[in-house]
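Both counts, for ligands and for their atoms, begin at 1 and track the order of listing. Positions are given from 1 along the sequence.
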Amino acid sequence: MITAKGLFKRYRKTVAVDHLSFDVRPGVVTGFLGPNGSGKSTTMRLMLGLDHGEGETLFDGQRFGTIRRPMNEVGALLEAKPFHPTRSARNHLRMLAAANRIADKRVDEVMEFVGLGDVKRKKPKGYSLGMAQRLGLAQALLGDPRTLLLDEPTNGLDPHGIHWMRDVLKTLAAEGRTIFVSSHLLSEMQLMADELVVIGRGTMIFNGDVDTFVREFTQSQVVVRGPETAGLAETLKSEGADVVSEGDALVVSGLEIGKVGHLAFAGGVELHELSTRRASLEEAFMSATGASEQFVAKEPVRAAAPAAVEGEAL
Ligand SMILES: Nc1ncnc2c1ncn2[C@@H]1O[C@H](COP(=O)(O)OP(=O)(O)OP(=O)(O)O)[C@@H](O)[C@H]1O
């Protein structure tokens with residue numbers, strides 16, 4: 001269990017993290033989301049005491065700095081490639097293992113686990129970003145910790161790697177561990193996370209389960225299909241719904257599925273489908289964080305078309 005209380009960090013005029021408090025439960029994957037520059041990395045650094053700021057983070061009741069054998073309690077992957085440039089990957093981990101009184105055989109175990117068994121004697125400076133992420137995860141797992149903090153662990157991984165990382169994190173969570181992971185891949189987060197902490201400009205936007213987040217920040221729609229729904233469309237509109245035709249279906253916004261079903265039944269309309277279409281995590285994220293986006297790109301400007309010269313074929 002992670003309990004973060006009143007985390008605050010200012011860089012000169014910029015308040016990067018503004019009194020954030022949240023809990024991260026064991027047994028589930030908790031996703032950490034926010035637009036670029038919203039303070040995710042700073043929050044994670046504050047949680048581990050790697051940045052000076054205010055507030056307190058407890059890992060199973062203990063502050064990181066007071067844990068006697070931190071690698072056995074909290075594993076962290078904050079940035080890819082923080083490795084010794086000339087030592088082999090295996091020796092890098094062996095050195096860490098020795099310093100933390102972790103058995104040498106655990107090094108080979110975690111390197112096999114993350115799929116780097118064949119390249120463990122190579123130097124990490126020759127690793128790709130995806131391989132470096134795997135090595136970072138191996139390092140985080142070295143002490144078999146109960147808590148994992150991972151900042152963008154899928155960064156640089158190929159689709160197989162992303163799929164693998166998702167399975168690994170879900171499995172580790174199912175073993176009862178506490179997993180706190182940031183990612184920009186919202187479709188991936190939708191498949192991986194059970195709970196969310198969503199921030200914007202350093203402040204809390206949402207802390208709770210994924211389904212509630214999507215429900216709170218989007219409007220679900222009702223899909224209606226049947227051989228003759230034109231009359232029903234008019235009835236639904238007169239009840240205040242927005243109705244759009246999509247092929248042979250009606251997509252209804254603004255009315256509950258029960259109400260749509262009732263109106264169809266009352267009007268004697270035959271239905272072949274009546275279902276709810278849930279919005280995606282991405283739609284909910286856009287709606288929840290739109291106002292707190294810091295870096296908004298301008299619409300691309302198209303180069304002006306050359307003026308037509310009279311008589312010249314274009
Ligand atoms: N070392 C620093 N010095 C000054 N400002 C900083 C520093 N690190 C971060 N910031 C500022 O703090 C804010 C939060 O940055 P942070 O990197 O924590 O955001 P983030 O959510 O991790 O961003 P991203 O999603 O782009 O990785 C930003 O406005 C950033 O410019």
query = Relative to the ring of Phe213, is the ring of Phe206 parallel (under 30°), tilted (30 to 60°) or perpendicular (over 60°)?
reply =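 Rings of Phe206 and Phe213: tilted, as their planes differ by 30° to 60°.
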task = Describe, in one word, how the ring planes of Phe59 and Phe64 are oriented to each other, choosing from parallel (under 30°), tilted (30 to 60°) and perpendicular (over 60°).
result =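 Rings of Phe59 and Phe64: perpendicular, as their planes differ by over 60°.
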Do any nitrogen or oxygen atoms of [X] come within less than 3.5 Å of a nitrogen or oxygen of ligand 1?
X	value
Gly39	yes
Ser41	yes
Thr14	no

ask   = Is the shortest heavy-atom distance from the side chain of Asn207 to the side chain of Met204 under 4.5 Å?
value =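 Counting from C-beta outward, Asn207 and Met204 do come under 4.5 Å.
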key: Selection residues 13-31 - residue pairs positive for side chain to side chain donor-acceptor pair (under 3.5 Å), sequence neighbours left out   =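 Every pair satisfying side chain to side chain donor-acceptor pair (under 3.5 Å) with a residue in residues 13-31: Arg25-Glu195.
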ask   = What part of Arg12, side chain from CB on, backbone N/CA/C/O, both or neither, has a heavy atom under 4.0 Å from ligand 1?
value =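 The answer is neither; Arg12 stays 4.0 Å or more away.
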request  = Specify side chain, backbone, both or neither for Pro35, according to which of its non-hydrogen atoms lie closer than 4.0 Å to ligand 1.
outcome  =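 Near ligand 1, Pro35 shows its backbone, while the atoms from C-beta on stay back.
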inquiry  = Would you say Phe113 ends up clustered with Leu96 if hydrophobic residues are merged whenever their side chains have heavy atoms under 4.5 Å apart, either directly or through other cluster members?
reply    =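 Yes, Leu96 and Phe113 fall within the same hydrophobic cluster.
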task = Would you kindly confirm whether Met47 and Leu58 end up in one hydrophobic cluster when ILVMFWY residues are joined by side chain heavy atoms under 4.5 Å apart?
result =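 No.
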message = Is it true that Gln139 and His92 share a donor-acceptor pair across their side chains at a distance under 3.5 Å?
response =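 Side-chain D/A pair, His92 to Gln139: present.
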inquiry  = Side-chain heavy atoms under 4.5 Å apart, restricted to Ile/Leu/Val/Met/Phe/Trp/Tyr: what other residues fall into the cluster of Val269, or is it alone?
reply    =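 Cluster partners of Val269: Val222, Val224, Leu232, Leu236, Val243, Leu250, Val252, Leu255, Ile257, Val260, Leu263, Leu271, Leu274.
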query = Is the shortest distance from a heavy atom of Met44 to ligand 1 less than 4.0 Å?
reply =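 No heavy atom of Met44 comes that close to ligand 1.
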task = Measure the distances from the heavy atoms of Gly34 to every atom of ligand 1 and state whether one is below 4.0 angstrom.
result =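 Per 4.0 Å heavy-atom rule, Gly34 does not contact ligand 1.
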By number and element, which atoms of ligand 1 are closer than 4.0 Å to a non-hydrogen atom of [X]?
X	answer
His184	25 (O)
Thr42	14 (C), 15 (O), 16 (P), 18 (O)
Ser38	19 (O), 20 (P), 21 (O)
Ala16	12 (O), 13 (C), 14 (C)

